[in-house]
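Before any comments, here is the structure.
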There are 2 protein chains.
Amino acid sequence: MFSKACQYAIRAVLYIATQSEQGRRTSLKDISKEIDSPEAFTAKILQQLSKNSILLSIKGPNGGFEIPDETMKRVKLIEIVRIIDGDQLFTGCALGLKACNEEKPCPLHNQFLGIRTNIHQLLENTTIKKLVNDLELGLTFLKR
Amino acid sequence: MFSKACQYAIRAVLYIATQSEQGRRTSLKDISKEIDSPEAFTAKILQQLSKNSILLSIKGPNGGFEIPDETMKRVKLIEIVRIIDGDQLFTGCALGLKACNEEKPCPLHNQFLGIRTNIHQLLENTTIKKLVNDLELGLTFLKR
DNA sequence: ATTATTTAGGATAAATTTGTCCGAAATAAA
DNA sequence: TTTATTTCGGACAAATTTATCCTAAATAAT
Ligand code: FES
Ligand code: FES
């Protein structure tokens with residue numbers, strides 16, 4: 001469904017967001033520890049997100065990553081997915097034909113359309129902020 | 001969603017099924033031409049499916065692959081997916097935690113559950129036979 | 001029996017994704 | 001100004017997935 005890179009991206013963003021909410025900037029080291037991800041690989045992903053204005057990166061001592069409150073209210077999951085995985089999930093064909101295409105549909109097209117719509121809506125309607133609350137209440141988790 | 005191998009598998013099975021319905025046995029060469037897939041790679045996949053009794057393979061001149069009518073009525077898509085891709089799609093966590101787990105859910109767990117159920121039901125309720133009809137009527141396609 | 005055709009299966013290769021390493025750049029603190 | 005800390009960015013490496021190649025085995029037709 002999502003690539004590992006994308007899963008790390010979402011987990012990282014959510015962790016940074018919980019910290020930012022409490023006024024704490026967080027370092028790569030912390031992040032990869034708290035979401036249980038490979039550090040250097042995570043760095044690459046955060047770089048991409050930062051280039052795409054999903055988060056802020058600050059170099060130097062006490063540097064790290066932050067997400068402004070405005071940003072976590074604005075940014076939807078779908079943006080993160082698009083940045084990391086592209087939009088194959090939304091435009092691709094379930095059975096691997098060149099692209100999903102209503103005119104010449106694959107045998108799963110009709111049944112798949114509903115699922116795709118569900119996924120799209122979920123990602124389109126979910127902001128970072130929305131997910132942060134449950135995390136802070138300890139109702140959901142970023143690692144086990 | 002599905003690996004390429006799995007997409008080829010489903011397309012191949014459906015093509016073989018349409019041919020079998022008309023009493024025609026079909027060769028690897030035909031199959032990979034008709035579903036537009038790499039021949040040798042497709043061979044590996046068909047081998048797996050044949051070992052798992054999803055289809056029949058016959059060696060030698062006029063050999064090839066078939067699916068008995070009984071089989072296409074019985075076999076659901078979920079079985080093909082399980083054989084080729086395993087059950088990661090059904091048991092895995094959307095955000096890559098060790099496994100999906102109701103007790104310690106990831107932040108997407110609740111919203112993802114519905115989607116997962118949809119996918120599962122679609123694959124569980126769809127037999128090969130069900131998809132063959134539309135294919136024969138030219139309403140759906142296995143390549144473009 | 002011999003030959004031609006077709007799948008089986010092992011070895012290998014290419015492509016992609018995932019992951020690591022290390023020096024450069026920025027920057028804060030001493 | 002020097003040093004320590006932290007991200008950036010490029011090169012490299014490992015793992016996985018996708019794809020190819022070749023010989024063996026089966027078997028039908030000659
Ligand atoms: S054509 Fe295959 S999913 Fe739309
Ligand atoms: S715990 Fe992540 S999907 Fe269930």
Side-chain angles (χ1 to χ4, degrees), chain A residues 1-13 15-16 19-20 24-33 35-67 81 83-86 88-89 92 95-96, chain B residues 1-13 15-16 19-20 24-33 35-67 81 83-86 88-89 92 95-96:
Chain A
M1 182 80 78
F2 306 128
S3 69
K4 285 203 172 195
C6 190
Q7 296 173 336
Y8 294 148
I10 296 174
R11 307 222 304 271
V13 162
Y15 177 68
I16 297 167
Q19 297 304 297
S20 289
R24 286 200 290 269
R25 185 177 291 164
T26 178
S27 71
L28 170 63
K29 210 169 172 179
D30 270 356
I31 296 165
S32 61
K33 195 173 67 188
I35 72 172
D36 189 22
S37 70
E39 195 173 313
F41 190 47
T42 306
K44 301 293 188 193
I45 295 163
L46 295 182
Q47 234 175 102
Q48 273 189 82
L49 293 174
S50 142
K51 270 191 226 163
N52 283 277
S53 321
I54 303 296
L55 43 77
L56 246 53
S57 77
I58 297 96
K59 286 180 186 173
N62 298 309
F65 299 87
E66 310 176 350
I67 303 186
V81 172
I83 289 166
I84 307 295
D85 281 351
Q88 188 57 21
L89 187 55
L95 290 189
Chain B
M1 182 80 78
F2 305 129
S3 69
K4 285 202 171 195
C6 190
Q7 297 174 336
Y8 295 148
I10 295 174
R11 307 222 304 272
V13 162
Y15 177 69
I16 298 167
Q19 296 305 297
S20 288
R24 286 200 290 270
R25 185 179 290 166
T26 179
S27 71
L28 170 61
K29 210 168 172 181
D30 270 355
I31 296 165
S32 60
K33 195 172 65 188
I35 71 172
D36 189 23
S37 69
E39 194 172 315
F41 189 48
T42 307
K44 300 294 189 193
I45 295 163
L46 295 181
Q47 230 174 105
Q48 274 188 83
L49 293 173
S50 139
K51 271 192 224 163
N52 283 276
S53 319
I54 303 296
L55 43 79
L56 247 51
S57 77
I58 296 96
K59 287 182 187 173
N62 298 308
F65 298 88
E66 311 177 348
I67 304 186
V81 173
I83 289 165
I84 307 294
D85 282 351
Q88 188 58 18
L89 187 56
L95 291 188

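In what follows, chains carry the letters A, B, and so on, assigned in the order in which the sequence lines appear, proteins first and then strands, with residues in each chain numbered from 1. What you see below is based on every heavy atom in this structure, not just the backbone, and it leaves out hydrogens, waters and symmetry mates. Being a predicted model, the structure only gives us computed values, none of them experimental.
Between the CD atom in A:Q48 and the CD1 atom in A:I83 there is a gap of 8.0 Å [rounded to 0.5 Å].
Distance A:E39 CD to C:dC22 P: 14 Å, rounded to the nearest Å. Computed from coordinates, the B:I45 CD1 to C:dA8 C1' distance equals 15 Å when rounded to whole Å. The CZ-C1' distance, from B:F41 to C:dA14, rounds to 12 Å in whole Å. Taking atom CD of B:Q48 as the reference point, atom P of C:dG9 lies 11 Å away to the nearest angstrom. Atom-to-atom, CG of B:D36 to P of D:dA19 comes out at 11 Å; the value is rounded to the nearest Å. The distance from atom CD1 of A:I84 to atom P of C:dT17 is 13 Å, rounded to the nearest whole Å. Rounded to an integer number of Å, the gap from CG of B:D85 to P of D:dT16 is 15 Å. Remark: P of D:dA26 and CG of B:L56 are 17 Å apart, rounded to the nearest angstrom.
Applying the salt bridge (charged side-chain N to carboxylate O under 4.0 Å, His left out) test to pairs two or more places apart or on separate chains, none has a residue in residues 48-58 of chain A.
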Is there a side-chain contact (heavy atoms from CB on, under 4.5 Å) between B:L46 and B:S57 once you walk through the steps?
CA-CA 9 Å; B:L46 295 181; B:S57 77; over 6 Å; no
Test side-chain contact (heavy atoms from CB on, under 4.5 Å) on A:L89 and A:M1 and set out the steps.
CA-CA 8 Å; A:L89 187 55; A:M1 182 80 78; 4.3 Å; yes
Counting primed atoms, P, OP1 and OP2 as sugar-phosphate and everything else as base, the B/S/- map of nucleotides 4-12 of chain D against protein heavy atoms under 4.0 Å is BBBBSBBB-
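No side-chain N or O of A:S32 forms a donor-acceptor pair with one of A:T42 less than 3.5 Å apart.
Contacts of B:D36 classified as salt bridge (charged side-chain N to carboxylate O under 4.0 Å, His left out), with partners at least two apart in sequence or in another chain: A:K98.
Contact annotation: A:Y8 reaches the phosphate of C:dG19 (side-chain N/O to OP1 or OP2, under 4.0 Å).
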